[in-house]
Structures are given as structure tokens and as C-alpha cells.
Amino acid sequence: MLAASPSLRRLSSSSSVRSLRRVLQHPPTPLSAAPPPLPPLRTLTRALLPHLAAAHRFSTASFSSSAPSRLGECGGARGAPEIPEEVEVEDEAGALVRHDTDAYAAVELALDSVVKVFTVSSSPNYFMPWQNKAQRESMGSGFVIPGRRIVTNAHVVADHTFVLVRKHGSPTKYKAEVLAIGHECDLALLTVESEEFWDGVNSLELGDIPFLQEAVAVVGYPQGGDNISVTKGVVSRVEPTQYAHGATQLMAIQIDAAINPGNSGGPAIMGDKVAGVAFQNLSGAENIGYIIPVPVIKRFISGVEESGKYSGFCTLGVSCQATENIQLRECFGMQPDMTGVLVSRINPLSDAYNILKKDDILLEFDGVPIANDGTVPFRNRERITFDHLVSMKKPGETAVLKVLRDGKEQELSVILRPLQPLVPVHQFDKLPSYYIFAGFVFIPLTQPYLHEFGEDWYNASPRRLCEQALRELPKKAGEQLVILSQVLMDDINVGYERLAELQVKKVNGVEVENLKHLCSLVEGCTEENLRFDLDDERVIILKYQNARLATSRVLKRHRIPSAMSSDLVEEQATNGEVEASCTS
């Protein structure tokens, strides 16, 4: 995205540990006191460059979306929107007061349903993966749904170490547990064990996708105060949008209500039901907010209910090109009445890799015709990119594709499942992997590592690593790009310090598959010399036994507790047990 372009940002409000401790331990400031200055809004560091969307979610590069083929599944088969009415009631003094019924009903519904979420979190330091960054505290919103569960945003509780929730009008905070979290769809489910918390709590029901210009009321706890807040707006647009937190393309609803940091996780209420979950806004623009629509929420919840954990959103695993040019269509044998998109790349890990071919024309998805620009019909005179149809499928479900291949139409069946990119887009709620040998720090390349280079990481990070992260596809399951992230200086590695930030290709002539493979190759070395072949044809040679002795010296000097991350320690222990059992 160009520097002057607006960018999406998540909306949980954060403060320093000291400031939140004052909120938790001391009574509120008297009304006569001057209000504290508002914390500055921060733009999401996971830059939302338009051309990154395809790399983040590999399902038709130009057309990232997926919508149920039957319009009723999206809540489309409803009557025309009703015009909001106003009602007059008497106040305590007997005077007539006019209320907007939509906003008034939203407030009544929300009082016993919407909660404030307090999160303590600690994110990993990807430059020094053996330690975490300083603890931080943030606040967001959430709301109760049937089954004693609370819906909020994933970014509100990401990397959490402790979570509290508080009901409206209550001074008590209750400890909450995270049941499931889906970072791609930016949703999370919480629960509270305390029976006292559930006294007097009402659950909200999920509704439908609102029509354009229908009114919604966003309820939550934005910055600027401690009490519940209600803002009203209308639906401006419904289409797949870049989700800032998970860097994926899923359906979202754009509204013109004021959505501010702290609103994250709060419900957008239409009538007496939830129309979506507030989660981000557009920086640099006024009153452009986004809510997660009900189909995405239901898909997340149903996946958790069926499998007991977050199951992910499906992708077809293909990158497609529009066929709007008549010469292109004629070259691939498309008749004048045919429409579709051209398959240009296929993810080797997808089921489509063995079924589709490059230069196939994808005509239909589950019987829904695909237009030359990659869109499909959606509700009344609206269109939406066909990836929405894909993402609403459950993992393991089959989709029927009609393709044009060598001038002949064919119907093919493809099994859909979530696909992991070669370079992970996010690494929330898990510790990063690392391996240190002779002062060389090896890690798998991830986008969070690149984000450590700052908000302008796309330009500030090593160019080759950035290009690999955004464009390369995995060739087999479990593959990682292992890099030498830094060199912790010691006599053993003098002269190699400029070889940091390069990919490790081979160890003693064996191609490296992932970090665990590199670790096993190094630990199991039986030769006098240990050779690393890096990118740019660079080479590292070490005397193996001397290097092993130097490793403990480097760890002690830099106060590093372990030469490898916990996942590699467990892997080494497992391999040792297997070898021992085989020997016996």
C-alpha cells in the first residue's frame, strides 16, 4: 500500500501496565477532574499492502472471497429493509421524549449481554526468540451468546497470559478462559467458570447480513470512558475485505458508525439480533468501520463445536487471472456465452494440484457461474468475489468445479481444506522456534520476524527474505525456509558475522527441509567439519567438536537458557526415546 493510502487497523485499546493498574486498583477520577489524554491511535504494523493479500491467503490471487452459492445461506432471502421508526414515551417528569426504536432497543439488549474485556499479554521477541517482550495490557469488548460463551475478537486476547471480564454496572471482574481462537477470522470464544458472573446475564442471538442502508447500533467500551457506549450507523458496503489481524480476505460489512479502539469484539445490533462483530476501521478516513458478518461468525463457531477447536477457513489453493480481454478468451476457446477465470498457479499442497491444470478456465463453482472478473451473484443486484463461496465450506467438504480444458467442458470434484503458507503470516499464542549452534541463531522465516523491522517492514526488511515470504509456495508438507537470523560473536565464528539474514540451503550436502531437520543434521554430525551452504552461494565451515564446546560458552555469555526452543527439545527427547527402544 502506498504511504499516503489509508490502512486498516484493529480496535482494542491498550495502555501501559502502570495506567491500567490505576484503573484496576483505584476509584474513578471525579467528574470535576480533567479527563486524561487519549492514547494515540496506532496503525497496524502488519502492513496491509494490497499486493500482499494474495500471499497471505492463496486462493485466487485477484479474487479473494467466498460466498455460499445459495443466497439464503447469506441471509439474502429476506424482505426489504424497514425504515426505522421513532416512539414517544414519558419521562419521570411526564414530558414526552422521542426515542429511535433501533438504538433504544440495542441499548436495552446490550446492558445485560455486552462485557468489557481486560487482557494482559506478552508477545515473543522474534529477534531474540528465547525471550518475550514487555508485558502489555489492553481492553476490548465482547458479548454473550447461548451456551455460556462470550464472543470477542482474536486480537483482543492474542498472546494472552491473563483475561478478565466485567459486566455492565458491576464493579467485579471475573477471570475468563479462552475456549477457542481463530486469528484468520479475528474471532475468539471465552467462558467464565464463576456461577456468580452468569446471574442476570442474557445471551444475544445471531441474525442475518443486513441490506445496504439498514441501520445498526455498535455497542462496546471504546476509549474515552469506562462505561458502555452505543453508536449508530448504516450499512455502506458488503464485500470481502482484508482482515488486519489475520491478513486474510473474508467477507466484512462496512458501516459509517464511529468505531474506535476498545470497540473491538462488541456486537453490531440490528433489531433484536446481532448483525456482526466490530473489529477494525480505516485509518485516515472518517467514520469508516468494519464488522464481521454473521456467516463468518457462524462458520467459526460451528467449526469449534464440531471439532473442539478452531478448524480454519478453506481455500481452493489456486491463483486466477481475469478473462475480461476478448482476445484472451478466444485464445482459450471460450464461447461468447461463456464466462470464467484463468487458472495461473496451483498450490502443490492443495487437492486442486492433482485435479486442475494451469491454463484451465474455471467456469462454475458448485453450480454458480463465475464472471470474467471473478465475481458471482450475491443477493439483489450485488456481486461478490467467488472466494467467499470457498471460505464458507467446511474442511473436508467437496466442491464441484466446471472447467474448460482444451476447448472441452469438464466437471471435477475437489476436496477443500485450510492451507498453510510456506512462510507463516502470524504466530500468535505460540513461542517461536530457534536453534543456536556455535553462536549462529537459526530460525524459520515468518512474517512476524519481518515485522520486527518496524512499521515499514516491507521496505526495511531484507529484500530477498521479504520476496520469499510473500511469493514462494511450499513444495511439500512441513517445509520451512530456515534462515541464519544473527551471529552471536565468539572466537569460533569470527569472520562470519556478515552472513546473517541468509537462507540455509544445505547442511553437509543435505538439503534442509525445516528447522527440526537442520537441528537433527547438526546434532547427528559424525564428520570432522560441519558445512552450511547459504543463499548467495555463501559457505560456513566449522570444526564440529570445537563448535559444540563454543555453544555452551556463547549461551552463558549471552544469558540464554537453552540452545533450542522447547518444541525442538521435545523433538530431540522423542527421537532419543525411539532410538533407545529400537536398540533394546
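- The main-chain N or O of Lys133 is never found under 3.5 Å from a side-chain atom of Ser123 such that the two would form a donor-acceptor pair.
- Taking a 6.0 Å sphere around CD of Glu511, one finds it holds 12 or fewer heavy atoms contributed by other residues, nucleotides or ligands.
- For Asp406, the CG atom sits in a loose shell: 12 or fewer heavy atoms of surrounding residues, nucleotides or ligands are nearer than 6.0 Å.
- Taking the ring centre of Phe313 as origin, the terminal cationic atom of Arg417 falls outside the region bounded by 6.0 Å and 45° from the ring axis.
- Judged by distance alone, with hydrogens and angles left aside, the side-chain atoms of Thr398 form no donor-acceptor pair with the main-chain N or O of Ser413 at under 3.5 Å.
- Between Phe279 and Tyr290, the angle of the ring planes goes over 60°, which puts this pair in the perpendicular group of the 30/60° scheme.
- Of the possible donor and acceptor atoms, none in the side chain of Asn153 sits under 3.5 Å from a partner among the backbone N and O of His155.
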Run Asp536 and Gln503 through side-chain contact (heavy atoms from CB on, under 4.5 Å) and show every step you take. CA-CA 9 Å; Asp536 279 344; Gln503 181 185 353; over 6 Å; no

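- Between Lys357 and Asp359 there is no salt bridge, since no side-chain nitrogen of the basic residue lies less than 4.0 Å from a carboxylate oxygen of the acidic one.
- Side-chain atoms of Thr551 come within 3.5 Å of backbone atoms of Ala547 as a donor-acceptor pair (strictly under, hydrogens ignored).
- A salt bridge between Asp567 and Lys430 is absent, with no side-chain N of the basic residue lying under 4.0 Å from a carboxylate O of the acidic one.
- Put simply, the side chain of Thr323 gets close to the backbone of Gly340: a donor and an acceptor are under 3.5 Å apart.
- For the atom pair Leu465 CG and Leu481 CG, the distance stands at 8.5 Å (nearest 0.5 Å).
- Note that CE of Met251 and SG of Cys185 are 14.0 Å apart. Values are rounded to the nearest 0.5 Å.
- Of all heavy-atom pairs spanning Pro444 and Leu515, the tightest one is CD-CD2, 3.6 Å.
- Proximity of Tyr435 to Val482: side-chain heavy atoms (C-beta onward) are nowhere separated by under 4.5 Å.
- Rounded to the nearest 0.5 Å, atoms CD (Glu528) and CG (Asn546) are 9.0 Å apart.
- Residues Met392 and Pro295 have side chains in contact (heavy-atom distance under 4.5 Å, counting atoms from C-beta outward).
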Determine whether His517 and Gln480 satisfy the following criterion, side-chain contact (heavy atoms from CB on, under 4.5 Å), listing intermediate values before the conclusion. CA-CA 10 Å; His517 185 219; Gln480 293 176 326; over 6 Å; no

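- Ala154 and Gly182 make their closest contact through CB-O, 3.6 Å (heavy atoms, listed as atom of the first residue, atom of the second, distance).
- Between Ala247 and Val425 the shortest heavy-atom distance is CB-CG1, 3.4 Å.
- Across every non-hydrogen atom of His183 and Asp429, the tightest pair is NE2-OD2, 2.6 Å.
- Counting heavy atoms from C-beta outward, Leu404 and Phe332 have side chains that stay 4.5 Å or more apart.
- Between Glu411 and Val400 the shortest side-chain heavy-atom distance falls below 4.5 Å.
- Rounding to the nearest 0.5 angstrom, the gap separating the OG1 atom in Thr152 from the CG atom in Leu189 is 10.0 Å.
- A donor-acceptor distance shorter than 3.5 angstrom exists from the side chain of Asn493 to the backbone of Leu488, with no hydrogens or angles considered.
- Here the SG-CG distance, from Cys525 to Asn508, works out to 5.0 Å after rounding to the nearest 0.5 Å.
- Between the side chains of Glu184 and Tyr310, at least one donor N or O sits under 3.5 Å from an acceptor N or O.
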Candidate pair Gln447 and Leu470, rule side-chain contact (heavy atoms from CB on, under 4.5 Å), full reasoning: CA-CA 9 Å; Gln447 284 200 29; Leu470 299 177; 3.6 Å; yes

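- Asp159 places no side-chain N or O within 3.5 Å of a backbone atom of Phe428 that could act as its donor or acceptor partner.
- Ion pair Arg405/Asp360 flagged as a salt bridge, since at least one NZ, NE, NH1 or NH2 atom sits closer than 4.0 Å to an Asp/Glu carboxylate oxygen.
- Here the two rings, on Phe437 and Phe532, have centers that are 6.0 Å apart or farther.
- Listed for the Glu479 side chain is no donor-acceptor partner under 3.5 Å among the backbone atoms of Ala477.
- Two residues are said to be in side-chain contact when any heavy atoms from C-beta on lie closer than 4.5 Å; Glu472 and Val423 fail this criterion.
- Rounding to the nearest 0.5 Å gives a distance of 11.0 Å between OG1 of Thr161 and CZ of Arg136.
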Worked check of salt bridge (charged side-chain N to carboxylate O under 4.0 Å, His left out) between Arg553 and Asp491: CA-CA 10 Å; Arg553 185 168 66 240; Asp491 293 340; 5.5 Å; no

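- Formation of a donor-acceptor pair under 3.5 Å by the Ser565 side chain with backbone atoms of Tyr434 is found in this model.
- Within the 4.5 Å cutoff, the side chain of Leu473 has heavy atoms near those of the Pro348 side chain.
- No more than 12 heavy atoms of other residues, nucleotides or ligands sit less than 6.0 Å from atom CZ of Arg498.
- Looking at Trp130 and Ile436, their side chains come closer than 4.5 Å, going by heavy atoms from C-beta outward.
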Would you sort out whether Leu179 and Val304 count as a side-chain contact (heavy atoms from CB on, under 4.5 Å), showing the intermediate values? CA-CA 9 Å; Leu179 293 176; Val304 172; 5.9 Å; no

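- By the neighbour-count criterion of 12 heavy atoms within 6.0 Å, atom CD of Glu193 is sparsely surrounded, having that number or fewer from other residues, nucleotides or ligands.
- Proximity of a side-chain donor or acceptor of Tyr496 to a complementary backbone N or O of Met489 within less than 3.5 Å is not detected.
- Crowding of Arg538 atom CZ: a count of heavy atoms from other residues, nucleotides or ligands under 6.0 Å not exceeding 12.
- Counting all heavy atoms, side chain and backbone alike, Ser562 lies closest to Leu555 at O-CD2, 4.0 Å.
- Ile384 is listed as a side-chain neighbour of Pro240, based on a closest heavy-atom distance under 4.5 Å.
- Closest approach of Pro448 to Pro424, counting heavy atoms only: CD-O, 3.8 Å.
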